[in-house]
There are 2 protein chains.
Amino acid sequence: MDLESVRTFVAAADAGRFQDAAAELAVTQQAVSKRIAALERDLGVRLFTRTPRGAELTIDGQAFLPHARDLLRVAERAASSVLAGRRPLRVDVIASRSAASALMRAFHRAHPEIELDVVMLFDVDTAVAALRSGAIDATFRAVAAPGRPLPEDVESARVDDEPLELLTGPAHALASARSVTVAQLTGHRIWIPGIVPGTEWAAYYDDLIAEFGLTIEATGPNFGSDALLDTIADTPALATLMGGHTRLVWPAGHGLRRIPVTDPTPVYPHSLLWRRGNPHPALPALRAHLAATAAAPGAPGTWTPPWAIPHTASSPPPAVPAEPGARPALPAEPGAGSAVSAERGDGRARRRPPALPYRTTQVP
Amino acid sequence: MDLESVRTFVAAADAGRFQDAAAELAVTQQAVSKRIAALERDLGVRLFTRTPRGAELTIDGQAFLPHARDLLRVAERAASSVLAGRRPLRVDVIASRSAASALMRAFHRAHPEIELDVVMLFDVDTAVAALRSGAIDATFRAVAAPGRPLPEDVESARVDDEPLELLTGPAHALASARSVTVAQLTGHRIWIPGIVPGTEWAAYYDDLIAEFGLTIEATGPNFGSDALLDTIADTPALATLMGGHTRLVWPAGHGLRRIPVTDPTPVYPHSLLWRRGNPHPALPALRAHLAATAAAPGAPGTWTPPWAIPHTASSPPPAVPAEPGARPALPAEPGAGSAVSAERGDGRARRRPPALPYRTTQVP
DNA sequence: TAGGGGAACAACCACTGGTTGTGCCCACCC
DNA sequence: GGGTGGGCACAACCAGTGGTTGTTCCCCTA
């Protein structure tokens with residue numbers, strides 16, 4: 001089954017005659033006949049009954065037609081997803097289960113008509129380069145990396161402070177605590193595999209360690225959060241830190257505990273970054289949505305690295321809510337299903353650890 | 001863009017190396033390389049960055065990947081829609097805006113996991129033949145046509161009595177009535193274009209005329225319900241009858257009135273027909289749903305033709321609600337969007353009146 | 001610096017998918 | 001009732017796509 005045959009089938013079904021379909025597709029009637037015959041051979045059913053004055057759909061043809069239209073629609077959407085200029089809003093998140101992903105899902109629920117593509121880049125440097133080149137339209141990052149301010153043409157807005165929580169197995173010494181202070185964590189082994197030096201989230205953990213004298217082990221390969229949770233659950237001496245807004249596939253029966261950390265609460269400062277002057281019509285809607293829904297960051301009793309931008313910095317007032325004129329260049333067709341698409345980590349099994357810029361590492 | 005290239009792209013993205021993708025697809029590495037290159041040429045963007053130890057997705061590649069997966073999923077669903085044995089439940093309705101369509105939409109809302117295909121056949125004869133051949137699994141019809149009882153292997157259940165309503169323009173003599181009796185209709189011109197002699201719905205109107213002495217004009221070509229409503233709205237001397245459960249695209253500003261008909265209320269007796277012994281796992285669920293939601297038919301004060309089967313005839317007690325074992329052979333994938341598909345009449349403009357078995361005629 | 005792994009390039013070949021020309025069938029019409 | 005015309009299928013032919021094998025190039029690694 002190839003798309004050209006399917007397109008021909010739809011054209012012939014609409015026209016009711018192969019000849020008209022051929023004219024519309026700028027081929028000969030014989031070509032249409034052969035394409036339809038090939039499609040029928042592929043599917044194993046007759047799609048048209050040939051009559052002296054045209055071709056009528058069989059029952060199978062009627063059943064197949066809406067699926068064929070779907071197929072063409074999805075193909076068009078796929079092609080437009082990489083079409084410069086009028087493509088969906090493309091947003092980088094730090095991981096598929098991160099708080100940024102949750103924010104994007106909420107945005108999609110609030111604006112289902114805005115088409116979205118979600119990608120996952122390696123670190124803030126990659127993301128900022130992609131922003132400036134126009135490859136992406138926005139990114140959720142904890143700007144700025146220490147010592148390197150954001151470029152002048154990149155704007156940002158603090159959108160979410162995500163408190164870290166301690167994750168332990170049922171036999172851990174702190175398992176029954178309702179909350180723990182940062183001071184209580186000193187001396188306990190905290191295991192966070194997959195930290196890549198040089199990234200902004202590695203810098204976050206570095207600062208956390210330096211500030212409070214924690215013991216964070218980043219050793220060993222990262223086999224994904226499932227393996228991490230298994231190990232944590234089974235190892236009384238081991239705990240890990242995890243973003244409180246992270247949505248996990250929570251394994252049942254492991255007795256895992258999520259315990260808030262206080263005094264102060266370390267928070268991961270998610271910001272939205274975008275290039276000044278990016279004309280994508282959906283970008284103001286995203287900014288307005290985040291400005292409206294984000295809890296006030298920088299709450300007392302929390303800690304962030306000194307290089308995290310304050311929530312008031314360099315961020316102009318959020319744009320007014322998107323009006324009809326600000327709709328995406330390719331408005332979603334009514335009833336055309338979900339307009340968001342993102343590559344989740346739960347796809348088919350990989351034969352080997354993913355290559356960059358993929359990342360399955362645990363992040364705040 | 002052809003599906004084979006897209007399939008190759010997904011395989012390469014999953015594997016991270018062209019060679020592994022080639023092995024999985026049983027082609028050579030060079031073939032994969034050429035397919036990917038062709039796809040990139042088609043789309044106009046680079047999808048992979050080639051590295052010494054494999055190929056990584058570019059940002060465009062990451063954005064394209066979920067759409068590519070969608071495309072393959074939809075293609076698979078399209079192919080399975082005509083796969084004998086494990087295809088979606090295929091139901092014939094009398095028209096896309098009919099009460100049967102509404103019932104099917106309600107069923108889909110109640111059981112979104114059951115995949116459905118909706119087709120529209122010409123009349124009860126065609127539908128029954130399709131039932132017996134297995135081309136469809138169920139049909140909503142007003143059985144049985146006069147003088148011809150249903151075949152012995154076809155079962156039926158009365159599922160909806162649809163009251164007819166009078167539809168008039170604002171200047172019609174009866175426009176301001178809250179309801180009209182059948183007797184009041186005598187003498188008024190009732191226009192129902194598109195009645196095809198020999199069909200069971202033509203027989204319904206014939207009986208209605210014979211019983212109450214109405215004046216029904218079936219003259220003129222049928223240009224669809226929009227044109228019908230336009231004419232009704234503008235012509236004070238003309239009215240039409242319409243099923244009270246019909247969902248119309250209601251034109252604003254026309255001043256159209258829907259007026260109940262009483263004493264008695266003519267109702268169109270929708271029944272569900274299916275072949276005895278049809279093993280489709282979703283069929284019991286549909287029957288149970290309809291049995292549970294259908295209003296009790298045959299209410300006093302209503303009229304149906306004498307040949308309409310009574311609601312108690314030949315219909316065994318509805319099957320128990322479908323249990324997990326009765327799920328469709330191809331269960332909907334989680335999060336895979338709507339599982340219902342039907343050819344609606346609002347598709348692309350046709351170049352000429354539709355060929356049979358299409359029908360745009362107005363029906364009860 | 002040599003070796004190895006992985007993708008791209010080149011040349012070749014089969015077969016797909018287009019074209020033109022023609023035949024057949026049925027509805028319609030004189 | 002037979003001629004006519006419209007519409008699809010079949011046949012023959014041809015170009016170009018898309019596969020193969022053989023080879024080169026590049027970069028990481030030992």
Side-chain angles (χ1 to χ4, degrees), chain A residues 1-43 45-58 60-61 221 350-358, chain B residues 1-43 45-58 60-61 122 196 221 350-358:
Chain A
M1 176 168 52
D2 73 308
L3 285 177
E4 217 47 46
S5 296
V6 174
R7 206 181 313 278
T8 305
F9 166 75
V10 172
D14 284 342
R17 265 178 303 183
F18 285 10
Q19 292 204 137
D20 293 0
E24 186 169 339
L25 300 172
V27 295
T28 61
Q29 165 264 317
Q30 290 87 338
V32 170
S33 180
K34 283 174 82 170
R35 285 185 191 174
I36 300 292
L39 185 60
E40 289 176 328
R41 185 174 42 75
D42 269 3
L43 297 173
V45 296
R46 206 141 180 83
L47 296 172
F48 289 97
T49 57
R50 280 71 167 174
T51 77
R53 62 180 181 290
E56 309 166 1
L57 285 176
T58 61
D60 280 316
R350 291 168 178 283
R351 299 231 176 276
R352 56 167 202 154
L356 299 178
Y358 278 118
Chain B
M1 176 167 52
D2 73 309
L3 285 177
E4 217 46 46
S5 296
V6 174
R7 206 181 313 277
T8 306
F9 166 75
V10 172
D14 284 344
R17 265 178 302 184
F18 285 10
Q19 293 205 132
D20 293 0
E24 187 168 338
L25 300 171
V27 295
T28 61
Q29 166 263 319
Q30 290 88 335
V32 171
S33 180
K34 283 173 84 169
R35 284 186 191 174
I36 300 292
L39 185 59
E40 289 176 328
R41 184 173 42 74
D42 270 3
L43 297 173
V45 296
R46 205 141 181 83
L47 296 172
F48 288 98
T49 58
R50 279 72 167 176
T51 77
R53 64 182 177 289
E56 309 166 0
L57 285 176
T58 62
D60 280 317
F122 181 62
V196 179
R350 291 169 179 281
R351 299 230 175 276
R352 58 167 201 153
L356 298 177
Y358 278 118

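Nothing here was measured: the structure is a model prediction, and the numbers come from that model. Throughout, protein chains are lettered first and strands after them, A, B, ... in sequence-line order, and every chain is numbered starting at 1.
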remark   = For residues 6-40 of chain B, the ring-ring contact (aromatic ring centres under 6.0 Å, His included) pairs (sequence neighbours left out) are B/Phe9-B/Phe48, B/Phe9-B/Phe64, B/Phe18-B/Phe48
inquiry  = Between A/Glu40 and A/Thr58, is there a side-chain heavy-atom distance shorter than 4.5 Å?
reply    = no
query = Between C/dT16 atom P and A/Leu39 atom CG, what is the distance in whole Å?
reply = 16 Å
query = Is there a side-chain polar atom (N or O) of B/Ser33 under 4.0 Å from OP1 or OP2 of C/dA8?
reply = yes
ask   = What residues form a side-chain contact (heavy atoms from CB on, under 4.5 Å) with A/Gln19, not counting sequence neighbours?
value = A/Gln29
query = CD1 of A/Ile36 versus P of D/dC10: gap in Å, rounded?
reply = 14 Å
message = According to side-chain hydrogen bond (donor to acceptor under 3.5 Å, both in side chains), who are the partners of B/Ser5, at least two apart in sequence or on a separate chain?
response = B/Asp2
query = Between C/dA7 atom P and B/Leu57 atom CG, what is the distance in whole Å?
reply = 13 Å
inquiry  = From CD of A/Glu40 over to P of D/dC10, roughly how many Å is that when rounded to an integer?
reply    = 11 Å
note = Those residues at least two apart in sequence (or on a different chain) that pass side-chain contact (heavy atoms from CB on, under 4.5 Å) with A/Ala31 are A/Val27, A/Thr28
ask   = For the pair made of CZ in A/Arg7 and P in C/dG17, what is the distance, rounded to whole Å?
value = 15 Å
remark   = When rounded to whole Å, the CD to P distance for the pair A/Gln19 and D/dA9 reads 11 Å
query = Rounded to the nearest Å, what distance is computed from the CZ atom of residue A/Phe18 to the P atom of nucleotide C/dG18?
reply = 14 Å
message = Which residues pass the side-chain hydrogen bond (donor to acceptor under 3.5 Å, both in side chains) test with A/Arg46, not counting sequence neighbours?
response = none
ask   = What is the per-nucleotide protein-contact pattern of nucleotides 12-30 of chain D, from the 5' end, where B denotes a base atom under 4.0 Å from a protein heavy atom, S denotes such proximity for sugar-phosphate atoms only, and - denotes neither?
value = -------BBBBB---S---
